[in-house]
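Residue numbering restarts at 1 for every chain, and letters A, B, ... go by the order of the sequence lines.
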Amino acid sequence: MSITVRFFASIREKLGKEQDIIESKGITCAADVWNRSARIPLPGNTLVAVNMEYARPDQPVRDGDEVAFFPPVTGGAR
Amino acid sequence: MSITVRFFASIREKLGKEQDIIESKGITCAADVWNRSARIPLPGNTLVAVNMEYARPDQPVRDGDEVAFFPPVTGGAR
Amino acid sequence: MKILLVAEAFDPWREVERYQSGQPGLAGKFGATAVFVGTLRDFNRGNEVQSMTLEHYAPMTRRHLERVAEEASARWPIEDVLVIHRYGELRPNDPIVCVAVWAAHRDAAFDACRYLIDELKTRAPFWKQELTPQGRRWVAPEKTK
Amino acid sequence: MKILLVAEAFDPWREVERYQSGQPGLAGKFGATAVFVGTLRDFNRGNEVQSMTLEHYAPMTRRHLERVAEEASARWPIEDVLVIHRYGELRPNDPIVCVAVWAAHRDAAFDACRYLIDELKTRAPFWKQELTPQGRRWVAPEKTK
């Protein structure tokens with residue numbers, strides 16, 4: 001009965017952790033996952049992915065989901 | 001005292017010659033070169049080059065010039 | 001179609017040649033190939049760059065690269081696509097990304113190649129951190145073109 | 001900048017790799033490479049193509065390819081250009097033309113590469129003749145895009 005939480009790049013560094021496993025009890029959306037795991041306000045430009053699909057913070061999450069938080073992406077070439 | 005004339009591709013085939021050297025006497029423009037060397041009317045879509053620069057049929061030519069006639073170009077890739 | 005995520009330096013020209021020769025069904029069918037290669041420069045915004053670390057979210061990266069390639073294949077008449085993206089620690093002059101598109105005609109090859117590189121920049125979860133003489137810094141996302 | 005007119009089949013990926021490695025001044029300075037390769041297909045307008053002969057006006061061809069490359073260099077911030085154009089008798093799957101552009105940024109690389117291939121098609125004096133089972137035929141020029 002758990003949700004996997006992943007943090008990347010500057011958010012990972014800021015929180016000092018890259019992965020968390022939290023209880024799903026009481027969690028209804030991605031923002032709840034952030035609040036329980038990060039314990040600081042969600043930075044405005046943070047991207048959210050639920051099960052590797054981009055999502056909004058109010059997207060519902062359920063037991064077994066993987067929820068990721070990361071800054072704007074910078075792949076490819078200039 | 002001569003002008004070098006070159007024909008390419010379908011025009012070369014049609015005339016049955018790829019190069020001609022003609023007297024420059026009496027020649028004032030590229031069209032005169034065509035008329036003396038080809039002896040048929042200049043086809044409408046023929047491209048003309050004088051000394052390897054694209055030119056109009058009425059471009060003046062002088063002794064020592066190289067004048068070329070060819071169909072629309074088809075280099076590169078589709 | 002092939003998507004490669006690689007941890008080690010790669011030679012994009014050799015990879016394109018190898019992929020193309022390994023697709024005998026392509027021979028004679030494509031008239032146009034458009035390739036884009038992004039390479040790490042030794043300077044950025046006025047600073048010397050000594051190395052760059054490319055972090056990514058591996059399974060999500062692969063899924064989104066595949067999706068962008070499928071979108072390009074649906075949108076343009078193209079024959080094949082190869083995408084190679086590096087991750088991990090890179091040195092200046094290392095290729096970062098290579099996108100190759102084979103098509104019958106050049107417009108489709110160019111347009112699909114450019115779509116791929118533009119889309120992967122905004123959708124694939126990669127993050128760049130540069131090491132400069134002033135220390136490490138996360139690269140800011142590109143402004144909208 | 002290099003313009004090559006070649007009578008024999010060439011491997012465009014090997015040539016790009018070789019040219020790039022032979023320009024040590026480029027290393028670290030370019031972030032983007034755009035390459036276009038045009039290849040002879042084994043069909044055109046519904047007919048099987050057995051071979052193609054590419055006639056050209058050698059010194060004029062070279063002069064106009066150089067000029068197009070210089071125009072691209074003046075118009076976009078690019079670092080280097082390589083153009084290879086085949087002439088003579090080609091077989092299906094043989095590369096016809098390769099245009100490679102190195103630049104700091106991708107927009108310039110793409111735009112200059114496309115400009116080069118579009119311009120050389122309309123200005124370089126090349127003529128294609130295809131051999132099909134129905135005989136030889138001169139290829140008609142492309143309609144304006």
**Student:** Using heavy-atom distances under 4.5 Å, tell me whether D/Arg67 contacts chain B through its side chain, its backbone, both, or neither.
**Tutor:**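 The side chain, not the backbone.
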
**Student:** Treating B/Thr74 as the side-chain partner and D/Lys128 as the backbone partner, does any N or O pair qualify as donor plus acceptor under 3.5 Å?
**Tutor:**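 Yes, B/Thr74 side chain to D/Lys128 backbone: donor-acceptor pair under 3.5 Å.
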
**Student:** Strictly less than 4.5 Å between heavy atoms, which residues of residues 3-16 of chain D line up against chain B? Please order them by number.
**Tutor:**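 The stretch does not come within 4.5 Å of chain B.
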
**Student:** Looking at every heavy atom in both D/Pro141 and B/Val73, which two are closest together, and how far apart are they?
**Tutor:**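 Shortest heavy-atom contact: CB-O, 3.9 Å.
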
**Student:** Who in residues 10-48 of chain B is close to chain D, using a strict under-4.5 Å heavy-atom cut-off?
**Tutor:**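 Contacts with chain D: B/Ser10, B/Arg12, B/Glu13.
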
**Student:** Measure from the side-chain N and O atoms of D/Trp127 to the backbone N and O of B/Pro71, and report whether any donor-acceptor pair falls under 3.5 Å.
**Tutor:**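 The answer is yes, because a donor-acceptor pair under 3.5 Å joins these two groups.
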
**Student:** Under 4.5 Å, heavy atom to heavy atom: which of residues 49-64 of chain D reach chain B? Give them by number, or say none.
**Tutor:**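 Those residues of residues 49-64 of chain D which have a heavy atom under 4.5 Å from chain B are D/Glu55, D/His56, D/Tyr57, D/Pro59, D/Met60, D/Arg63, D/His64.
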
**Student:** Do B/Tyr54 and D/Pro125 come within less than 4.5 Å of each other through their side chains, counting heavy atoms only?
**Tutor:**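 Contact flag for B/Tyr54/D/Pro125 side chains = yes.
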
**Student:** Quick check on the structure: residues of residues 70-80 of chain D within a heavy-atom distance below 4.5 Å of chain B, by number.
**Tutor:**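 Against chain B, none of the residues of residues 70-80 of chain D fall inside the cut-off of heavy atoms under 4.5 Å.
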
**Student:** If you count every heavy atom of other residues, nucleotides or ligands that lies below 6.0 Å from D/Lys29 atom NZ, does the total exceed 12?
**Tutor:**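 Result for NZ/D/Lys29: enclosed.
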
**Student:** I need the residue from D/Val97, D/Leu120, D/Val37 with the largest number of non-hydrogen atom pairs under 4.5 Å to chain B.
**Tutor:**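 Looking at each of D/Val97, D/Leu120, D/Val37 in turn, D/Val97 comes out on top.
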
